[in-house]
Amino acid sequence: MWDAGLAAIAQIAECVETESIDCRFSWVPAYLHTPVGVSVDEDAVSKLTAEADAAARLGFDARFIDRAPFGNLPAVEFDGQARFHPARFLSALATRVGGDGSAISEHTPPTAVETNP
């Protein structure tokens, strides 16, 4: 699951750069924190610390921090995440589909999955 997410971010970043897409793409940290408005106890901090340690052991750039921005709450910080405007990104990609066997389809459920297309 994690690898798929990282691969997706890398592919989006590559498309943005290769196609010069203006979708406000930037590399940012992401935060997993305790719920806003819920008192923070030792158990919550312990769970976040364990989550950060587990993610770091798996090779992800993650660490426990005492205070996350915008919430001032204990959190796990994950570096190497991305922020972009998905509608701008998809709109730009759609304009680059030039036919020649390519098409964009909506409301089309998958009928098969190929592991090595």
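What's counted below: heavy atoms across the whole structure, side chains too, no hydrogens, waters or symmetry copies.
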About how many Å separate CG of D43 and OG1 of T34, when rounded to the nearest 0.5 Å?
11.5 Å
Between T95 (side chain) and L93 (backbone), is there a donor-acceptor pair under 3.5 Å?
no
To the nearest 0.5 Å, tell me how far C23 SG sits from H85 NE2.
9.5 Å
Nearest non-hydrogen partners of V97 and A103, listed with the distance
CG1-N, 4.1 Å
D22 side, atom CG; S91 side, atom OG - distance, nearest 0.5 Å:
11.0 Å
Expected output: side-chain T18 to main-chain E14 donor-acceptor under 3.5 Å:
yes
Restricting to non-hydrogen atoms, name the atom on L32 and the atom on E51 that form the minimum distance, rounded to 0.1 Å.
CD2-CG, 3.9 Å
Where is the tightest heavy-atom contact between D61 and R63, given as atom of each residue plus distance?
OD1-NH1, 3.4 Å
Would you say F84 and W27 are hydrophobically clustered, going by side-chain heavy atoms of ILVMFWY under 4.5 Å?
yes
Do you know the tightest heavy-atom contact between I9 and G80?
CD1-O, 4.3 Å
Could you state whether L58 and L6 fall into the same hydrophobic cluster, counting links through intermediate Ile, Leu, Val, Met, Phe, Trp or Tyr residues with side-chain heavy atoms under 4.5 angstrom apart?
yes
Are P74 and F64 packed together at the side-chain level, in the sense that at least one heavy-atom pair is separated by less than 4.5 angstrom?
yes
Quick check: does any side chain N or O of R96 sit under 3.5 Å from a backbone N or O of E19, one acting as donor and the other as acceptor?
yes
Is there a chain of hydrophobic side chains (I, L, V, M, F, W, Y, each step under 4.5 Å between heavy atoms) that links I12 to L90?
yes
Closest non-hydrogen atom pair between A55 and A62, with its separation
CB-CB, 3.7 Å
Separation between OG1 (T49) and NZ (K47), nearest 0.5 Å, reads 12.0 Å
In Å, rounded to the nearest 0.5 Å, how long is the span from OH of Y31 to CD1 of I65?
5.0 Å
Enter the distance from Q81:CD to F60:CZ here, rounded to the nearest 0.5 Å.
9.5 Å
Which atom pair, heavy atoms only, marks the closest approach of H33 to A75?
CB-CB, 3.7 Å
